[in-house]
Number of protein chains: 2
Amino acid sequence: MTEKKVRRTRQSVNREVLESRILRSAEIVFASKGFSGASMERIAEISKISKQNLIYYFPNKDLLYKRVLKEILDIWIEKLSFIELNGNTPQDIIGNYVREKMRISRLHPNGSKVFAHEIISGAPVLKSYLVSHLKPQFDRDVDVVKSWINKGLIDDIDPEHLFFTIWAATQTYADFSVQMEVLLGKKSLEEDDYERAELAVTDFVMRALGAKKNI
Amino acid sequence: MTEKKVRRTRQSVNREVLESRILRSAEIVFASKGFSGASMERIAEISKISKQNLIYYFPNKDLLYKRVLKEILDIWIEKLSFIELNGNTPQDIIGNYVREKMRISRLHPNGSKVFAHEIISGAPVLKSYLVSHLKPQFDRDVDVVKSWINKGLIDDIDPEHLFFTIWAATQTYADFSVQMEVLLGKKSLEEDDYERAELAVTDFVMRALGAKKNI
DNA sequence: TTTATTGCTGACCGTAAAGACAACTTTATA
DNA sequence: TATAAAGTTGTCTTTACGGTCAGCAATAAA
């Protein structure tokens, strides 16, 4: 175990605390305004530090933005490694995938929104990441689904668009939550709303895969 | 036929042409930057007029933004009146609904993106519209679906979340097109991609409703 | 043809925002 | 404890942007 010699002084601890506080604030502001609309001043304000101090920790807005994006991508990578998901049947695996994605929408709505803004804006920052990281993983996952189809474990559905639909249907609970709140007549989405949503979405996806559970 | 006395002079025609050119440009910029990130200067540039002239036609950014939003909402209202959609069976009606929504994603991706930015940002401008217009329509449409369920015409699914999923799954082809282009390895989504997408999504939705087609 | 209306432009203003910089304070290390 | 490093703040500069305004140009109406 090669221990990195990072002295855990009072300062370094504070630094970590403050940095994550800043990142949380930045996430909020980027989620609500996108990159260009977000201001360092506002992020500093929410972090309860001065703008100059914010700049001390994150020398410029680009860098801060990239860190926020990196945070949410790390979570996705960690939680959504499709192949490594538990489950014996395709239904289990995809079910867990959907549930995990719903969980992320619930727990990290702001990160999700930042990502959405970025992609809708044409992915100026993330495009290269999509090519280098997401596409290879996507290709692998699509192949897995194809093999399931070939083995007759699930119905003959369109694998690529299955993923697109799953992503959209789960992500929407983070990105479009305001719309849902209005339509469901609630001030904010609560635990039970997410439970219903999860049930509904997993149900839809299971039906898409075909009722092969009992073979 | 009460004809409005709008003189169709050379000026008034030009005005209309120019206004719609501006709206198209504005849509592009708002789609790619959101409200706060968009600049009047840039919109003017794309419209190939001076900033001052742009301001002559649309005295301020708010107003222009609202007009762009209104344009896409009008299209949605016109094309997506759920109840008035043709079709005899629930499957027909919902199928047409999905196909119409896919069509809009293909034909008006920028409007769709502007809307997405707006909702993700917390719907600062559209919230009241959602309450006054969208919710009543939503409630009616949900009731229709419930009645179909009660009559046994479709399976017992969650009507509210069915709509959320349909919206998400169709809208994503406008909003997240960049991501799909990367994942599908294409420079841009073409006619046949949208066809495949439409087939896939309608298939998923039909499966969600239950295979009651042949009763 | 004259007059009124509409369209358009250049110069300008105020504000907000990113970020540079120097000075000062607090904390850590030798 | 003395010195170095890290953290913090106030001041300032530059730039981008939304918007005003006065005046000129083109077109329509009388």
Side-chain angles (χ1 to χ4, degrees), chain A residues 4-23 25-69 114 117 121 124-125, chain B residues 4-23 25-69 114 117 121 124-125:
Chain A
K4 254 195 181 174
K5 261 188 196 157
V6 175
R7 294 266 172 89
R8 312 214 91 256
T9 62
R10 207 188 324 168
Q11 279 189 339
S12 77
V13 171
N14 271 347
R15 174 160 206 133
E16 275 171 36
V17 171
L18 189 47
E19 272 188 6
S20 72
R21 203 168 84 210
I22 291 172
L23 285 169
S25 309
E27 207 179 52
I28 293 171
V29 178
F30 285 131
S32 114
K33 302 273 190 171
F35 175 77
S36 353
S39 87
M40 295 294 270
E41 194 102 47
R42 179 82 185 120
I43 293 169
E45 192 184 327
I46 295 181
S47 309
K48 282 167 189 165
I49 58 175
S50 70
K51 189 183 78 168
Q52 299 89 318
N53 202 14
L54 168 58
I55 289 171
Y56 174 74
Y57 283 97
F58 295 92
N60 61 61
K61 204 171 124 179
D62 283 64
L63 209 138
L64 181 52
Y65 180 66
K66 282 175 187 166
R67 276 290 302 276
V68 169
L69 276 177
V114 177
H117 274 307
S121 300
V125 171
Chain B
K4 254 193 182 174
K5 259 186 197 159
V6 175
R7 293 269 172 86
R8 314 216 86 258
T9 61
R10 207 188 324 169
Q11 279 188 339
S12 78
V13 172
N14 271 347
R15 173 158 208 136
E16 274 171 37
V17 171
L18 189 46
E19 273 190 5
S20 73
R21 203 169 85 212
I22 291 172
L23 285 170
S25 310
E27 206 179 51
I28 293 171
V29 178
F30 285 130
S32 116
K33 302 273 190 171
F35 176 77
S36 355
S39 85
M40 294 293 270
E41 194 103 47
R42 181 79 185 122
I43 293 169
E45 192 185 328
I46 295 180
S47 310
K48 283 167 188 164
I49 57 174
S50 70
K51 189 182 80 168
Q52 298 92 318
N53 201 15
L54 168 57
I55 289 171
Y56 174 75
Y57 283 96
F58 295 92
N60 62 62
K61 205 171 126 180
D62 283 63
L63 208 138
L64 181 51
Y65 181 64
K66 282 175 186 166
R67 275 291 300 275
V68 169
L69 277 177
V114 176
H117 274 306
S121 301
V125 171

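Letters A, B, ... are given to chains in the order of the sequence lines, protein chains preceding strands, and every chain is numbered from 1.
- One atom, CG of A:Leu54, and another, C1' of D:dG10, lie 16 Å apart when rounded to the nearest Å.
- Taking atom NZ on B:Lys48 and atom P on C:dC8, their separation rounds to 16 Å, with Å as the unit.
- The phosphate of C:dC8 has neither OP1 nor OP2 within less than 4.0 Å of any side-chain N or O from B:Ser50.
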Under a 4.0 Å heavy-atom criterion, the protein footprint on nucleotides 12-23 of chain C, written with B, S and -, is -----SBBB---
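- We find that CZ of B:Phe58 is positioned 12 Å from P of C:dG7, with the value rounded to whole Å.
- To the nearest 0.5 angstrom, A:Leu23 atom CG is 9.5 Å from A:Phe30 atom CZ.
- Contact annotation for B:Leu18: backbone-only contact, meaning every heavy-atom pair under 4.0 Å involves sugar-phosphate atoms and none involves a base.
- Within 4.0 Å (heavy atoms only), A:Ile43 reaches no atom of the nucleic acid at all.
- Separating the OG atom in B:Ser20 from the CD atom in B:Glu16 is a distance of 8.5 Å, to the nearest 0.5 Å.
- Sorted by first and then second residue, the salt bridge (Lys or Arg N to Asp or Glu O under 4.0 Å) pairs involving residues 30-45 of chain B (not counting sequence neighbours) are B:Arg42-B:Glu45.
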Which atom pairs, donor and acceptor, lie under 3.5 Å between side-chain atoms of residues 58-66 of chain B and protein residues at least two apart or in another chain?
{"from": "B:Asn60", "atom 1": "OD1", "to": "B:Asp62", "atom 2": "N", "distance (Å)": "3.3"}
{"from": "B:Asn60", "atom 1": "OD1", "to": "B:Leu63", "atom 2": "N", "distance (Å)": "3.0"}
{"from": "B:Lys61", "atom 1": "NZ", "to": "B:Phe35", "atom 2": "O", "distance (Å)": "3.1"}
{"from": "B:Lys61", "atom 1": "NZ", "to": "B:Ala38", "atom 2": "O", "distance (Å)": "2.7"}
{"from": "B:Tyr65", "atom 1": "OH", "to": "B:Glu118", "atom 2": "OE1", "distance (Å)": "2.5"}

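- Atom CZ in B:Arg15 sits roughly 15 Å away from atom P in D:dT27 (whole-Å rounding).
- Once rounded to the nearest 0.5 Å, the distance linking CG of B:Leu18 with CG of B:Asn53 reads 6.5 Å.
- Between D:dT8 and A:Tyr57, a contact under 4.0 Å exists linking OP1 or OP2 to a side-chain N or O.
- Of the possible donor and acceptor atoms, one in the side chain of B:His117 sits under 3.5 Å from a partner among the backbone N and O of B:Ala31.
- Regarding contacts with the backbone of C:dT9, a side-chain N or O of B:Asn53 is found under 4.0 angstrom from either OP1 or OP2.
- Counting to the nearest Å, the C1' atom of D:dC17 and the NZ atom of B:Lys33 are 13 Å from each other.
- Using a 4.0 Å cut-off, no side-chain N or O of A:Tyr56 falls inside it from OP1 or OP2 of D:dT8.
- In this structure, the separation between CG on A:Leu54 and CD on A:Gln52 is 9.5 Å, given to the nearest 0.5 Å.
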